[in-house]
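This report concerns only the one structure given below.
Atom set for the values below is all heavy atoms of this structure, side chains included, hydrogens, waters and symmetry mates excluded. A, B, ... follow the sequence lines: proteins, then strands. Residue 1 opens every chain.
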Amino acid sequence: MTADPRGVLTGPHFIDGDHACSEGAIAAGCRFVAGYPITPSTEVVERIALRFPFVGGVFIQMEDEIASSIAIQGAVWGGKKAMTVTSGPGFSLMMEHIGYAAMTEAPCVFVDVQRAGPSTGLPTQPAQGDMMQARWGSHGDYGIIALSPNSPQESFDLTIRAFNLAEQYRTPVLLMLDECVGHMTERVLIPPADRIEITERRLYRGPKDDFLLYKPDEDLVPSMVSAGDGYRIHVTGLTHDERGYPAMTAGAQDKKVRRLVEKIRRNSPDIVDFREEGTEGAEVIVVSYGITSRTAIPAIQMARREGIRVGHLRLVVVWPFPEERIRELARKVTSIVVPELNLGQMSLEVERCSGGAARVVQVGHAGGGVHNPHDIYVAIKKSLR
Amino acid sequence: MGQDVVDAALEQMECVYARPDTLTDTRFHYCPGCGHSVVHRVIMEVVQEAGIREQTIGVAPVGCSVFAYNYMDVDMQEAAHGRASAVATGIKRVLPDRFVFSYQGDGDLAAIGTAETIHTCNRGENILMVFVNNAIYGMTGGQMAPTTLLGMKTSTSPAGRTVETAGFPLKITEMVAMLPGTYYVTRQSVHTPNAVRQLKKAITKSFQYQKERKGTCFIEVVSNCPSGWKMTPVQSNAWLVENMFPLYPPGDIKAPK
């Protein structure tokens with residue numbers, strides 16, 4: 001299925017990553033947004049507030065991020081595609097409802113425009129310090145999908161993909177921008193609506209008596225209906241059986257949670273997305289994501305001018321992590337350099353996957369700015385010694 | 001006229017009005033005409049005059065006045081967004097003989113902090129809550145606040161606030177006045193010198209009530225946001241009188257007899 005042309009502003013635009021995210025959401029069919037003003041993500045909801053009246057969407061400015069992130073859960077079960085948008089402290093407040101969405105298998109999108117933390121931190125400055133929070137932030141076990149755009153264009157494209165993945169796997173999807181990508185203004189080309197692929201909700205259309213809200217298909221993902229469709233569904237954050245009713249036993253817990261983890265794990269070959277450049281025959285690989293993938297480029301060029309064979313792997317989908325590919329590359333290279341705007345998060349994942357086969361060097365930065373490419377270049381050189 | 005002449009003249013004059021010691025020498029960063037700096041000053045004047053500087057602890061919010069610590073030269077703790085009155089509760093319960101005040105804007109106190117506001121007042125915590133209401137989120141650039149007036153245009157209500165999408169302006173001060181835990185609830189402003197004097201009296205009384213352990217004192221200050229309202233300071237004060245006062249009328253809402 002393709003996008004509803006009424007929501008698609010086809011043509012070239014000169015907009016920032018936040019506004020591109022709003023347009024991506026509208027193009028993807030999002031018609032419910034609940035949010036709370038917080039720098040540097042506010043521009044997303046400001047554009048939604050302006051644009052939604054023209055596409056029949058509902059925007060509500062809620063009293064806080066707790067209410068925002070649970071209001072979208074109501075809208076999802078009411079049959080809409082829904083999103084909430086935040087940053088830093090607001091993302092921390094939303095953690096319970098990421099778990100709620102994972103447990104109830106509610107397709108929805110959480111946008112986090114990362115700023116420097118912890119706590120209030122540096123509200124107007126970039127960081128990539130929420131990457132592990134994205135993976136593990138809510139209590140309990142669950143699988144999660146998180147994407148990391150590195151440009152306004154990709155902010156548009158990946159917002160659409162976030163909605164598509166959410167519907168395909170009935171899961172919350174996190175779009176992890178950083179302040180730089182959110183506030184950088186570049187050319188964004190919005191394609192014609194009939195060129196934008198949209199994944200619709202996996203709606204069950206069979207007889208009402210046979211329907212089970214949490215009976216998985218072969219890909220471990222169950223089909224869904226909406227409240228008000230006459231199926232008398234029951235949605236709960238308590239551990240539940242296939243009917244959706246509380247089942248408070250270790251057996252039911254094992255069955256439910258194992259599937260929540262497995263449905264992402266087993267489908268990860270279809271979900272993971274990364275871009276490689278010059279990795280064939282490389283002696284050192286730079287693994288990067290978001291804005292850091294752009295500060296890494298001059299560093300890689302500097303090293304190559306000195307004859308160092310440097311490859312670049314950029315994570316587009318951060319969670320699930322491309323474990324297989326990192327494992328493979330680790331066996332072929334001497335070292336892997338991971339620049340990121342935190343003091344050791346995705347580098348730990350690279351280290352885990354390389355399993356000691358390659359030396360993993362993190363180029364840490366506490367946020368509040370971006371790397372000087374020279375620091376990454378020095379790390380590349382040192383990693384080979 | 002040389003500086004030495006000015007200095008000599010100053011020496012012969014009596015000082016009748018000075019910046020209180022409880023304010024740092026830092027120049028206020030607030031936008032021209034903003035009420036925050038006046039409210040900051042009045043609170044600090046009262047602290048100075050009451051001689052309670054070393055016994056006073058303030059809790060600053062998230063929002064424009066997150067920088068209150070730059071000016072208020074007393075012990076200050078910044079709370080997470082909306083949670084000032086809960087932090088103030090914690091301080092007051094372990095240091096019951098100190099003077100504790102919280103300082104919050106409308107988004108902080110009446111949106112994200114609603115639960116803390118209601119429950120602090122309901123417990124009747126012996127603190128002073130100062131609530132600066134300018135009907136907008138100033139720090140993040142002019143979004144709709146819970147107290148934004150109907151029809152008022154903000155960046156998240158671009159066509160003007162409507163009841164259908166955003167409900168009614170929240171009169172939280174009237175709400176907390178209903179709670180038995182509050183002892184003194186008043187609405188003031190800082191748009192004229194006389195209003196500033198009235199506010200100062202209200203703050204002085206509140207600290208006295210706090211000393212007497214009477215319960216929560218709650219002062220709303222109807223204020224302006226020239227930048228967020230996109231007006232000059234003079235226009236914003238006129239607008240405040242014409243538009244804010246009909247909904248948020250100044251005066252005591254709950255006062256001890």
query = So does A:Glu96 have more than 12 non-hydrogen atoms from other groups sitting under 6.0 Å from CD?
reply =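 Not more than 12 within 6.0 Å, no.
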ask   = When you look at CZ of B:Phe245, are more than 12 heavy atoms from neighbouring residues, nucleotides or ligands closer to it than 6.0 Å?
value =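 Enclosed.
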query = Does B:Thr114 offer a backbone N or O that forms a donor-acceptor pair with the side chain of A:Glu63 under 3.5 Å?
reply =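 Pair absent, no side-chain N/O of A:Glu63 close to backbone of B:Thr114.
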query = Highest number of heavy-atom pairs under 4.5 Å with chain A: which of B:Ala159, B:Pro158, B:Pro146?
reply =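 Looking at each of B:Ala159, B:Pro158, B:Pro146 in turn, B:Pro158 comes out on top.
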Working to the nearest 0.5 Å, report the span between [atom1] of [X] and [atom2] of [Y].
X        : Y        : atom1 : atom2 : answer
A:Thr120 : B:Glu78  : OG1   : CD    : 4.5 Å
A:Glu46  : B:Ser157 : CD    : OG    : 10.5 Å
A:Thr39  : B:Met139 : OG1   : CE    : 8.0 Å

inquiry  = So for A:Ile38, is it side chain, backbone, both, or neither that comes closer than 4.5 Å to the heavy atoms of chain B?
reply    =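 Just its backbone gets close to chain B.
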request  = Could you look at A:Ser119 and say if it's the side chain, the backbone, both or neither that has a heavy atom under 4.5 Å from chain B?
outcome  =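 Neither part, no heavy atoms under 4.5 Å.
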inquiry  = For a 4.5 angstrom cut-off between non-hydrogen side-chain atoms, does B:Ile112 reach A:Glu65?
reply    =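 Of all side-chain heavy-atom pairs linking A:Glu65 with B:Ile112, at least one is under 4.5 Å.
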key: Least distance between heavy atoms, B:Thr156 atom then A:Ala49 atom   =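 The pair with the smallest heavy-atom distance is O-CB, 3.7 Å.
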key: For the student: nearest non-hydrogen atoms of B:Gly107 and A:Tyr36, plus distance   =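 Closest approach of B:Gly107 to A:Tyr36, heavy atoms only: O-OH, 3.5 Å.
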